[in-house]
Amino acid sequence: MQRLKLYMPLFVVLLTALLVLVDFFTTGLVDGIGHALALWVSIIAGILLLLGLGNIARVHLGRLQKGEGGWPYSMALLVSAVVVIGAGIVGRVAGYQDGVSNWIFQYIYQPLATTLFSLLAFLLISAALRTLRIRGIESALLVIGALVVLLGQVAFAPFSALSSISQWFQDYPVLGIIRGILIGTALGAIATSLRYLLGVDNNYMR
Amino acid sequence: MNITMALGPSTVFVLIALVAFLIFFFIAWSNIEQGRNHTLRSLRPLNRLRSLIGQSAESGQGLYYSPGSGGLNDQPGAAETLSSLTTLGEVSHGAARAGATLTVSANDTLTYLAAGDVAQAGFAGAGRPEDFSRDNVRFITQQDRLAYIAGVESALDSETVAGTVMLGRFDSEYLLAGETASRHRIPQIAGSSRVEALPLMLISAGADETLVGEEIYAAPAYLSRRPALLASLRAQDALRLLIIVVIILGVIAASTGVVSDIGNYFLR
């Protein structure tokens with residue numbers, strides 16, 4: 001039984017990988033199996049969402065019960081979750097379709113998300129001020145590069161001469177580095193995927 | 001039934017890369033198993049990670065681990081998340097041996113369940129299964145990057161944490177959590193292959209604490225030193241050399257006019 005528990009997931013992983021690879025490299029043998037398996041994953045993920053909801057409810061109900069610091073936020077989270085789920089169900093049953101849920105997303109969720117995202121501008125300035133201090137040759141080069149690229153974006157005449165230097169920076173050194181990172185990343189992704197497909201990276205079942 | 005190979009130039013390239021990788025991988029694995037030399041260059045963020053686990057155990061404060069704001073069901077970032085989960089296995093193993101606690105969060109149900117299993121296996125592997133609690137693995141959101149990071153930020157704000165380890169697929173939203181950690185003077189280990197996140201990680205976590213690009217895929221091999229993982233690093237390097245040779249030959253061929261439009265050949 002122990003051995004079955006060990007080898008069954010490996011067998012499933014290997015079989016799935018083979019099917020997807022055969023689907024990718026051939027036509028007429030297992031056409032569309034890759035899409036079908038991706039759909040299965042979505043269905044399984046949808047079912048597992050209930051487990052995730054259960055975890056959220058347990059964590060925040062526990063916080064409410066114990067009266068831990070920040071319990072009002074837990075209360076707000078649980079109430080919001082119940083309202084949104086309830087709005088979705090009631091909206092469907094009452095024939096409004098997703099009108100109520102869409103309204104919540106458009107007028108409550110999206111403005112909140114945009115507000116949060118806009119904080120990035122201020123955080124970026126504070127982080128840059130902390131980092132861009134000249135401590136040595138490397139940091140001096142970093143500051144000079146940052147200044148050239150920043151001032152190169154400014155439309156005013158005194159700085160317009162820097163725009164071609166800024167563009168050169170972005171077109172050659174920066175693009176070269178980005179492509180290097182992308183090639184390395186692609187190789188890493190291939191290696192990680194193949195390790196899982198071959199079953200040698202199986203720490204989820206050790 | 002008419003079965004044919006669906007091989008265009010781009011699929012041929014993928015096939016060659018796969019076969020070459022497998023050949024390099026098995027040769028390297030055999031060499032490592034035979035005890036041949038496999039020295040690795042030092043990666044400072046991983047040295048910092050090891051000392052962070054020790055500090056966490058000494059201070060009695062837990063580590064916070066995030067496998068990225070992507071997920072296993074998020075196709076472009078799935079490999080990154082898988083690699084981060086392998087690293088999580090090694091970090092939880094190390095944390096269990098040192099006597100540190102670990103909190104893990106996820107932005108995806110599949111990642112949440114996998115992270116729970118991996119962390120549990122890590123603690124069990126270190127002989128301390130009783131130190132692990134499933135309550136320390138938290139599902140925060142379902143594939144909503146911004147809301148997930150807001151959840152991480154809130155946890156870092158309200159809990160006492162010895163350090164954060166955030167490796168995986170992040171975008172610019174990383175800065176929200178990174179700056180919260182900086183504000184509370186929480187040491188960070190960060191890493192991503194996304195160029196949108198890397199500069200922000202470098203300025204928030206620091207250059208010595210950030211794994212850049214492919215280094216996040218190398219982290220599990222560095223931490224575990226298992227032969228199969230080391231072999232895959234060797235195979236990556238061999239494949240990289242092959243690609244460099246192909247690029248140089250391609251540049252020469254295109255510059256001398258032997259072939260034209262070589263760049264678009266593999267896109268067909």
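Chain letters run A, B, ... following the sequence lines, proteins first, then strands; residues in each count from 1.
- For a residue to count as touching a neighbouring chain, one of its non-hydrogen atoms must lie under 4.5 Å from one of that chain's; by this rule B:V212 touches chain A with the side chain only.
- In this structure, the portion of A:L53 lying under 4.5 Å from any heavy atom of chain B is its backbone and not its side chain.
- Heavy-atom minimum distance, B:E179 versus A:S126: OE1-OG, 3.1 Å.
- Close approach to chain B, defined as a heavy atom under 4.5 Å from one of its heavy atoms, is seen in A:Y109, A:A113, A:L116, A:F117, A:L119, A:L120 of residues 108-122 of chain A, taken by number.
- When the shell of 6.0 Å around CZ of B:F26 is examined, it contains more than 12 heavy atoms from other residues, nucleotides or ligands.
- Contact of A:T26 with chain B is made through backbone and side chain together, with heavy-atom distances under 4.5 Å.
- Contact annotation: the side chain of B:T86 approaches that of A:Y196 to within less than 4.5 Å [non-hydrogen atoms, C-beta and beyond].
- Considering all non-hydrogen atoms of both residues, B:Y217 and A:T192 come closest at CD2-OG1, 3.1 Å.
- Among B:G125, B:S193, B:A207, B:G213, the residue making the largest number of heavy-atom pairs under 4.5 Å with chain A is B:S193.
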Step-by-step side chain to side chain contact (heavy atoms under 4.5 Å, CB included) determination, B:F25 to A:V200: CA-CA 11 Å; B:F25 174 71; A:V200 294; 4.1 Å; yes
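- For B:I244, no part lies near chain A; criterion is any non-hydrogen pair under 4.5 Å.
- How far CG of A:L123 is from CD of B:E153: 7.5 Å, rounded to the nearest 0.5 Å.
- Proximity to chain B (any heavy atom under 4.5 Å) is restricted, for A:S193, to the side chain, taken from C-beta onward.
- Listed options A:I44, A:I181, A:D31 were ranked by heavy-atom pairs under 4.5 angstrom with chain B; first place goes to A:I181.
- Heavy-atom pairs under 4.5 Å with chain A peak, among B:L233, B:L15, B:I149, at B:L15.
- For A:L198, the part lying under 4.5 angstrom from a heavy atom of chain B is the side chain only.
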Trace of the side chain to side chain contact (heavy atoms under 4.5 Å, CB included) decision for B:L18 with A:L21: CA-CA 10 Å; B:L18 279 179; A:L21 284 176; 4.0 Å; yes
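- The 12-atom threshold is exceeded at CG of A:L129, counting heavy atoms of other residues, nucleotides or ligands nearer than 6.0 Å.
- More than 12 heavy atoms of other shown residues, nucleotides or ligands fall within 6.0 angstrom of atom NE2 in B:H184.
- When each of A:L124, A:I190, A:V22 is checked for heavy-atom pairs under 4.5 Å with chain B, A:L124 comes out on top.
- Contacts between residues 103-111 of chain B and chain A, defined by a heavy-atom separation under 4.5 Å, are made by B:T109, B:L110.
- Of the atoms belonging to B:E80, not a single heavy atom falls under 4.5 Å from chain A.
- At a threshold of 4.5 Å between non-hydrogen side-chain atoms, the residues A:L187 and B:F21 do not count as touching.
- A donor-acceptor pair is defined here as one N or O able to donate and one able to accept, closer than 3.5 Å; no such pair exists between the side chain of A:N55 and the backbone of B:R138.
- B:E159 touches chain A through its side chain: at least one heavy atom from C-beta onward sits under 4.5 Å away, while N, CA, C and O do not.
- Looking at B:L82, both its backbone and its side chain come within 4.5 Å of chain A, counting heavy atoms on both sides.
- With a 4.5 Å cut-off on non-hydrogen atoms, A:L48 touches chain B through its backbone and its side chain both.
- The choice from B:L200, B:D157, B:L113 that makes the most heavy-atom pairs within less than 4.5 Å of chain A is B:L113.
- Of the listed residues B:G206, B:A78, B:A147, B:A79, the one with more heavy-atom pairs under 4.5 angstrom with chain A than any other is B:A79.
- More than 12 heavy-atom neighbours from other residues, nucleotides or ligands sit within 6.0 angstrom of CZ on A:R130.
- For the residue pair B:S158 / A:Y73, no side-chain donor-acceptor distance below 3.5 Å is found, with atom types taken as modelled.
- Separation of atoms CD1 (A:I56) and OH (B:Y112) is listed at 9.0 Å; rounding is to 0.5 Å.
- Between B:S232 and A:R195, the closest heavy-atom pair is OG-NH1, 2.8 Å.
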